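The basis for the numbers below is simple: all heavy atoms, side chains too, and nothing from hydrogens, waters or symmetry mates. No experiment lies behind these values; they were computed from the predicted model shown. Within every chain, numbering begins at 1; the chains are lettered A, B, ... in the order of the sequence lines, protein sequences first and strands thereafter.
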Amino acid sequence: MAARRRSSRAGRRIARGGAKLAGGQVLVINMVPRSLSSETNQDSEPSITVNPARPREIVGTAFTGDPMGGPLAPVYLSSDGGNTWRLNSVVPSRAGSALGTGDISLAFGTTGHRLYGGILRDPSFNFETLRGTNAMAAMQTLASRPDNDQPFTHAISKSGRDRVYIGNNDFQAGPQTATVDITANGRVANPAFRSIRIEPRATAGQDGPQIRPVAHPDGTAYAAYYGWRAQSGSFPGNTLVVTTDVVVVRDDPAGLGANPFRSLVEPSDGLPGRLVARNVRIPFNRNGSSSTGQQRLGGTLSMAVDRRPGRSGTVYLAWADQAPGSILTIHVRCSTDRGVTWPAADLLTVLNATNAALAINSVGAIGLLCQQLTGTGATRRWVTHFRLSSNGASWADLVLCTAPASTPAKTFDPYLGDYDHLVAVGRDFYGIFSANNTPDQANFPNGVVYQRNADFATRRLLALDGTTPVAPSIDPFFFKVKG
Amino acid sequence: MTPAPRPGALAAQARFVFQGTIKNVRATTLKSVPASARTVVARVDRVIQAPETLSGYAGHDITVELAPGERVRQGQTLIFQTTGWIFGDSLAVRSVGHEEATTPKVAGAAVHPEDPVGSLQAREAMTQASQADLIVTGRVRSVRVPNAEAQARAKAMAAGSTAERISEHAPVWHEAVIDVDETHKGAERRKQVVVRFPSSTDVRWYQAPKFQAGQEGVFLLHKQQISPTTARAAALTTLKAPEYTALHPSDFQPLERLPQIQLAADASAAEPKPPATGTAARRARSRRRRRSKGGR
């Protein structure tokens with residue numbers, strides 16, 4: 001008999017490291033709907049956006065194709081605060097596409113219910129800028145250009161206008177490829193996006209794919225990127241190692257002035273962009289391997305600004321580098337003077353981890369989502385953590401999922417995704433990650449709800465008939481932590 | 001009057017084809033889909049064509065949104081051609097068209113009557129065949145890195161740099177040299193043909209065939225499937241005519257599927273060819289005969 005377990009139990013929260021998840025409650029949901037109980041796709045690389053004007057409306061994305069291969073790719077849509085999810089195909093794609101879309105990142109404006117995004121569209125993988133009038137509507141392509149990678153969308157509304165920022169790695173701008181596309185008002189009929197080149201230094205032919213913009217309502221806009229300086233090894237040979245700076249740029253007039261993102265100057269060379277870390281090394285994998293838990297590694301980067309009035313100077317940054325004995329090490333640091341100075345010591349260091357995602361809630365608490373590889377050999381596991389701190393000094397640790405890293409075997413790269421995502425609306429944190437979907441309570445120490453048919457007693461997924469076993473795969477999981 | 005399935009692009013998009021009985025009109029099976037004059041609840045009696053994930057819907061009630069002007073009555077048993085709509089606690093599909101579910105029509109609706117997934121795969125293979133520039137049967141003699149790329153990479157590595165853009169989505173092109181047994185579509189008659197394919201297992205490319213030496217079957221090859229701009233972005237060199245690519249998962253097929261592919265190729269060719277009579281066709285027929293006798 002198929003069992004759908006609802007086992008969100010705040011009383012079983014794992015809290016280590018001093019800080020408490022005060023008054024908190026976590027909800028973890030497998031987002032695959034019951035009608036797709038037979039699916040075995042690798043639904044990796046998730047992202048999420050919550051409609052601030054209607055927080056019960058949430059949109060998630062992943063490498064999930066339209067189950068019937070229609071001309072639009074689906075998003076995961078919840079209208080009840082994340083308790084239930086359905087697939088709704090609204091993203092431009094092509095008929096017959098099994099992939100749906102390449103990289104995708106969507107963001108609601110703060111008001112007005114409009115949904116913005118950047119995708120790499122199947123099959124061209126052109127970078128397309130999208131807008132939907134609401135979460136249910138088919139999205140419209142506003143602009144399209146080739147030679148790009150990893151669009152990452154941020155939107156903020158002010159005075160009836162939606163400012164939209166899409167970080168992207170624009171190979172057409174090579175060798176200084178780090179770019180943020182910005183429009184001052186996404187609501188107009190034909191919004192013009194301007195491509196801002198934010199890398200002023202010489203590169204090793206290009207920058208890294210992660211370009212992460214974030215903005216404050218007062219107009220302060222930041223972006224972080226990996227400025228690649230040198231390379232060794234071979235990408236086709238899966239031995240490439242990149243020497244890179246971790247750079248933060250800032251623009252006080254919202255990225256809308258004549259020469260945006262030049263407000264922060266690095267004292268050592270007088271160029272725009274503060275070098276938070278210099279000459280760190282990261283692997284840039286073509287393929288994941290057993291030693292990396294099947295996940296390809298290529299750095300991870302996330303930034304969050306305190307969006308409270310008068311707090312635009314407080315910005316948190318998470319990045320990763322490679323240190324001996326750790327496949328990738330996440331560092332979290334904070335600047336309280338608008339990115340001018342950054343302490344030399346980490347507020348938090350996470351070994352053997354990737355997919356860092358930061359958010360700050362309405363009372364200034366900082367959340368970090370990350371995925372950590374533990375164990376060795378056949379005992380390796382991917383452990384998905386939500387870390388929470390009220391001050392950056394002590395961090396609570398909530399384990400959302402811990403699952404074997406060797407199963408299921410990957411269908412493609414990336415296994416879990418080149419990123420996951422965390423946002424905050426009000427006091428609450430909303431996140432999304434991809435993980436092994438075996439219905440085993442031990443894998444979800446803080447409980448989980450499955451929409452798809454699953455039998456937790458036998459730890460088996462079940463098909464629509466409730467009896468036929470279905471092989472484990474990678475699914476997207478939504479979580480919400482009440483602040 | 002019952003409208004026939006609509007021809008053309010819409011019908012071609014219908015990947016979920018089923019025989020169903022109308023249980024309720026102006027009804028739905030999903031809370032998120034409000035009932036309307038165009039929504040009906042149908043019991044799926046039989047899945048005729050479907051992707052794997054949806055092949056087990058026989059016996060389940062689903063919501064069908066009728067096309068504008070489409071009419072059905074409670075109790076009717078029909079063949080629906082549909083595309084996806086909402087996938088939630090239940091399933092909602094959009095009708096592209098329907099017809100009466102008579103025995104001959106049900107029998108004729110699928111390539112493999114007892115295998116809805118196989119029927120869809122066969123249809124996709126035939127679509128690819130109709131779009132292919134060159135269809136050959138043969139065997140992969142060798143797989144190699146394109147010479148120009150190998151040289152450029154070696155030179156760049158020696159200089160401590162890289163010759164290509166570094167992207168997770170880089171195709172990492174390889175070439176397969178195919179010894180041709182027979183040409184089934186296309187004007188070229190060659191003993192060998194070189195096909196370029198992405199060796200990358202990235203999400204963009206993993207579905208493309210990954211050829212290996214010794215692989216034998218039907219190769220559906222295409223000229224210039226990617227634009228020069230995209231090719232430049234993704235690799236060292238652009239494709240030069242008459243190089244072929246194989247990017248779709250259906251671009252390599254087992255020999256057993258050759259008769260269907262031949263039919264699709266013939267239909268799409270300006271001057272239809274007679275059914276294949278060469279080595280590969282004989283081999284395929286021989287295999288089918290052995291299978292029917294229980295051999296392998």
Side-chain angles (χ1 to χ4, degrees), chain A residues 33-36 38-41 44-45 63 66-71 74 79 84-89 95-96 98-99 102 120 122-126 146-147 149-150 169 171 174 204-206 209 231-232 234-236 240 242 284 286-287 296 298 410-414 418 451 463-465 468, chain B residues 9 12-16 30-32 50-57 59-60 62 82-94 124 127 145 149 153 157 160-162 164-170 172 199-207 225-227 229-230 232-234 247-249:
Chain A
R34 195 183 78 86
S35 61
L36 297 175
S38 300
E39 74 89 42
T40 56
N41 298 329
S44 60
E45 196 156 295
F63 286 139
D66 185 300
M68 290 192 193
S79 303
T84 62
W85 294 85
R86 59 191 187 273
L87 259 63
N88 189 29
S89 292
L99 169 61
L120 299 184
D122 188 37
S124 66
F125 265 50
N126 282 359
D147 303 357
D149 195 13
Q150 210 169 116
N169 203 28
F171 292 116
Q206 65 180 85
Q231 306 175 31
S232 62
S234 158
F235 179 72
L240 183 66
V242 175
F284 198 85
R286 171 184 168 186
N287 307 119
R296 72 180 175 201
K410 71 175 176 182
T411 307
F412 58 80
D413 292 286
D418 294 328
Q451 301 186 118
L464 195 66
D465 60 11
T468 306
Chain B
Q13 289 177 15
R15 298 179 90 228
F16 186 61
L30 284 147
K31 286 181 190 170
S32 58
E52 179 82 43
T53 301
L54 303 172
S55 60
Y57 262 84
H60 291 265
I62 66 172
T82 69
T83 58
W85 183 17
I86 303 287
F87 303 84
D89 193 47
S90 177
L91 173 65
V93 298
R94 287 192 163 113
E124 290 179 341
T127 301
V145 176
E149 296 190 15
R153 275 187 202 135
M157 282 189 70
S161 65
T162 183
E164 55 209 308
R165 290 172 184 169
I166 306 298
S167 166
E168 309 99 322
H169 308 304
V172 193
S199 69
S200 168
T201 53
D202 176 73
V203 63
R204 182 178 182 184
W205 303 108
Y206 77 100
Q207 295 178 88
Q225 280 178 284
I226 53 178
S227 70
T229 306
T230 304
R232 269 196 305 278
L247 304 181
H248 192 279

If I take atom CG from residue A:Asp418 and atom NE2 from residue B:His169, how far apart are they, to the nearest 0.5 angstrom? 6.5 Å
Nearest non-hydrogen partners of A:Arg34 and B:Asp89, listed with the distance: NE-O, 3.3 Å
Can you check whether A:Arg296 reaches B:Asp202 side chain to side chain, under 4.5 Å on heavy atoms? yes
Give, as side chain, backbone, both or neither, the part of B:Leu54 having an atom under 4.5 angstrom from any heavy atom of chain A. side chain
Of the listed A:Pro209, A:Gly298, A:Pro67, A:Ala463, the one with the largest count of heavy-atom pairs under 4.5 Å with chain B is A:Pro67
So A:Phe412 and B:Tyr206, would you call those rings parallel, tilted or perpendicular, with 30° and 60° as cut-offs? tilted
So, for B:Thr83 and A:Met68, which heavy atoms are closest and what is the spacing to 0.1 Å? C-SD, 3.4 Å
List for me each residue that meets side-chain hydrogen bond (donor to acceptor under 3.5 Å, both in side chains) alongside B:Ser90, sequence neighbours excluded, and say none if there are none. B:Thr29
Between A:Gly69, A:Ser89, A:Gly70, who has the most heavy-atom pairs with chain B when the cutoff is under 4.5 Å? A:Gly69
Which atom pair, heavy atoms only, marks the closest approach of A:Gln206 to B:Ile166? OE1-N, 2.6 Å
Which answer fits B:Gln207, side chain, backbone, both or neither, if we ask what part of it has an atom under 4.5 Å from a heavy atom of chain A? side chain
Check the pair A:Asp149, B:Glu168 against side chain to side chain contact (heavy atoms under 4.5 Å, CB included), reporting the backbone distance first and the verdict last. CA-CA 8 Å; A:Asp149 195 13; B:Glu168 309 99 322; 2.3 Å; yes
Look at B:Arg165 together with A:Asp147 and state whether they make a salt bridge at an N to O cut-off of under 4.0 Å. yes
So, for A:Phe235 and B:Ala170, which heavy atoms are closest and what is the spacing to 0.1 Å? CE2-CB, 4.0 Å
Pick one of side chain, backbone, both or neither for B:Val145, based on which atoms fall under 4.5 Å of a heavy atom in chain A. neither
Of the listed A:Gly96, A:Ser38, A:Ser35, A:Pro236, the one with the largest count of heavy-atom pairs under 4.5 Å with chain B is A:Ser35
With rounding to the nearest 0.5 Å, note down the distance linking NZ in A:Lys410 to OG1 in B:Thr201. 4.5 Å
Modelled atom types, side-chain donor and acceptor of B:Ser199 and A:Arg286, under 3.5 Å: yes
So, the part of A:Ser79 with a heavy atom under 4.5 Å from chain B: the answer is neither
Side chain / backbone / both / neither for A:Glu45 at chain B, heavy atoms under 4.5 Å: neither
Might you point out which heavy atoms bring B:Arg204 and A:Pro123 nearest each other, and give the distance in Å? NH2-O, 3.4 Å
side-chain hydrogen bond (donor to acceptor under 3.5 Å, both in side chains) involving B:Ser55 - partner list, sequence neighbours excluded: none
